[in-house]
2 protein chains.
Amino acid sequence: MGDVRRRAAKTPGAADKPTRTAILNAAEAIMREEGYAAVSSRRIAATAGLKSQLVHYYFKTMDELFGALLARVEEQYFGRLAAAAAASAPLHAVWAMLIDENGPRLTKEFIAMVTHRPVLRREIAGSAERTRSLITALIARALNEHAPDHSPPASVLAVMMESIGRLIVSDAGLGVSATHDETIAFVESQLARIEPVASKTPGRRAAGAKPS
Amino acid sequence: MGDVRRRAAKTPGAADKPTRTAILNAAEAIMREEGYAAVSSRRIAATAGLKSQLVHYYFKTMDELFGALLARVEEQYFGRLAAAAAASAPLHAVWAMLIDENGPRLTKEFIAMVTHRPVLRREIAGSAERTRSLITALIARALNEHAPDHSPPASVLAVMMESIGRLIVSDAGLGVSATHDETIAFVESQLARIEPVASKTPGRRAAGAKPS
DNA sequence: GTCTATAGGCCGATAGAC
DNA sequence: GTCTATCGGCCTATAGAC
């Protein structure tokens, strides 16, 4: 029992076949380190220690491979996003995700790839919209509880949060980081106003005052 | 007189040779429409109506070609930026540039290309820093004249302005534009506070009150 | 499922005629 | 400066043996 011969529609081994996973892992690694343009069936095979034809066995075309990789990356990403949203300080958690290099690196790569490989445009656009509305909802909820004097609408704040995060990550990729510290400090000071952080870890007294 | 046989160091015909220009034009067009990965000597030649070997005559390597294109794009970009900075409402003019699709499209492509072609990283980083400090200076000047109650530092505002602009352009490329109108409206309302727009075109009374 | 073999194409780059 | 000719390489993808 357990494996009742289930049928996968699209590709051999719907998801968790180890070789398939190895292929996607290799593709993701190459994409992250050298950009989407460096991802080829041969490079993938070399990285994963396979023959390049196996790549074509699991994914008929490269478009299909990139689609599968995108799906996997999205799934992980929204999983992490959901976890952040469920944390005690959701906005702070989401913000931490946004300025973490590793997350947006692939996102950026996929967005850039759309110009060259238009097939994935709708999927990527949908993903972007989904992220946007999730963050907007989180901000709206926080605003509802701690409304500051006159605040921009939640949707605008969501755009600001996301865009600043992306620029910081993009700059970091270029080796530019001059004004990041004060930008991050500013964003976090604003976040603290609509989502007060109750010093979670016990033992130390309330955060905020540095002993200097 | 006039052409005293001047020597160009790097490539045949330092700058304004028509074929060279045609090559760069073609490269730029392809890059803009299909992404950096679609730019090849053969595609360039086909677009410009040349033989691909001519591309290699003017640019020994593709890296050199992309470097030359970057230099040209930067020159145009900073020219426009300087003009905007000299306008009567510099921040508004710069903002208009930032959310104009055509400018940042190539910038984004070059930034994405860095992952794949690291040679240009320093140059692109320098360009980014130059833009950043120029915008920061404009904002600082405006803040100095019309200081609002409590404003973030100019450098942070510069990051915000640039990042929001980039996200809007990026979204537009994906076909996402749900919250752009209100975002743009918000940014412009903030800009108007630190850089009042004296209704330039005469005939109508002061802007701001809509007859509805 | 993994292999060998191979077709057919675009790529960067060079050599040499004119 | 522009052309023809060409090398060697990497690419996607398919056919077929095991």
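Residue numbering restarts at 1 for every chain, and letters A, B, ... go by the order of the sequence lines. Computed from heavy atoms alone, side chains included, the values below leave out hydrogens, waters and symmetry copies.
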* **Value in whole Å for how far the C1' atom of C:dA13 lies from CD of B:Glu64** => 13 Å
* Calculate the interatomic distance between A:Glu34 atom CD and D:dC10 atom P; express it in whole Å. => 14 Å
* Where the side chain of B:Tyr58 is concerned, which of D:dT2, C:dC3, D:dC11 is the nearest nucleotide? -> D:dT2
* Scan side-chain atoms only and decide if A:Glu162 and A:Thr131 contain a donor-acceptor pair under the 3.5 Å cut-off. => no
* To do: Rounded to the nearest angstrom, tell me the gap between atom CG in A:Asp63 and atom C1' in D:dA13.
  => 13 Å
* Gap between atoms CG and P, on A:Leu65 and D:dC11 respectively (whole Å) -> 14 Å
* Give the nucleotide from the list C:dA13, D:dT4, D:dT2 with an atom nearest to the side chain of B:Lys51. => D:dT4
* **CZ-CZ distance between B:Arg20 and B:Phe59, expressed to the nearest 0.5 angstrom** => 4.0 Å
* Structure fact -> Ranking C:dG12, C:dC3, D:dT4 by distance to the side chain of B:Gln53, first place goes to D:dT4
* Does A:Ser40 put a side-chain nitrogen or oxygen below 4.0 Å from OP1 or OP2 of D:dC11? -> yes
* Asked: If you draw the axis of the six-membered ring of B:Phe78, does the NZ or CZ of B:Arg130 fall within 45° of it and under 6.0 Å from the ring centre?
  -> yes
* Nearest of C:dT2, C:dC11, D:dT12 to any side-chain atom of A:Thr19? -> C:dT2
* Rounded to whole angstroms, how far apart are NE2 on A:His116 and P on D:dT12? -> 10 Å
* Among D:dT14, C:dA13, D:dG1, which nucleotide sits nearest the side chain of B:Tyr57? -> D:dG1
* Tell me what A:Thr61 touches on the nucleic acid: a base, only sugar-phosphate, or nothing, going by heavy atoms under 4.0 Å. => sugar-phosphate
* Distance, rounded to the nearest Å, where A:Met62 contributes CE and D:dC10 contributes P -> 16 Å
* Asked: Counting only side-chain N and O atoms of A:Lys60, is one of them less than 4.0 Å from OP1 or OP2 of D:dA13?
  -> no
* Which whole-number value in Å describes the distance from A:His56 NE2 to C:dG1 C1'? -> 16 Å
* Scan B:Ser52 against the nucleic acid and name what it touches under 4.0 Å (heavy atoms): base, sugar-phosphate only, or nothing. => nothing
* Salt-bridge test for B:Arg32 and B:Glu28: reply yes if a basic N is under 4.0 Å from a carboxylate O, no otherwise. => yes
* Asked: Out of C:dG1, C:dG12, D:dT12, which has the shortest distance to the side chain of A:Arg42?
  -> D:dT12
* Structure fact -> B:Phe59 CZ to C:dC11 P, in whole Å, measures 17 Å
* A:Glu195 and A:His146 side chains, donor-acceptor separation under 3.5 Å -> no
* Structure fact -> Looking only at C:dT2, D:dA13, D:dG1, the nucleotide nearest the B:Lys17 side chain is D:dG1
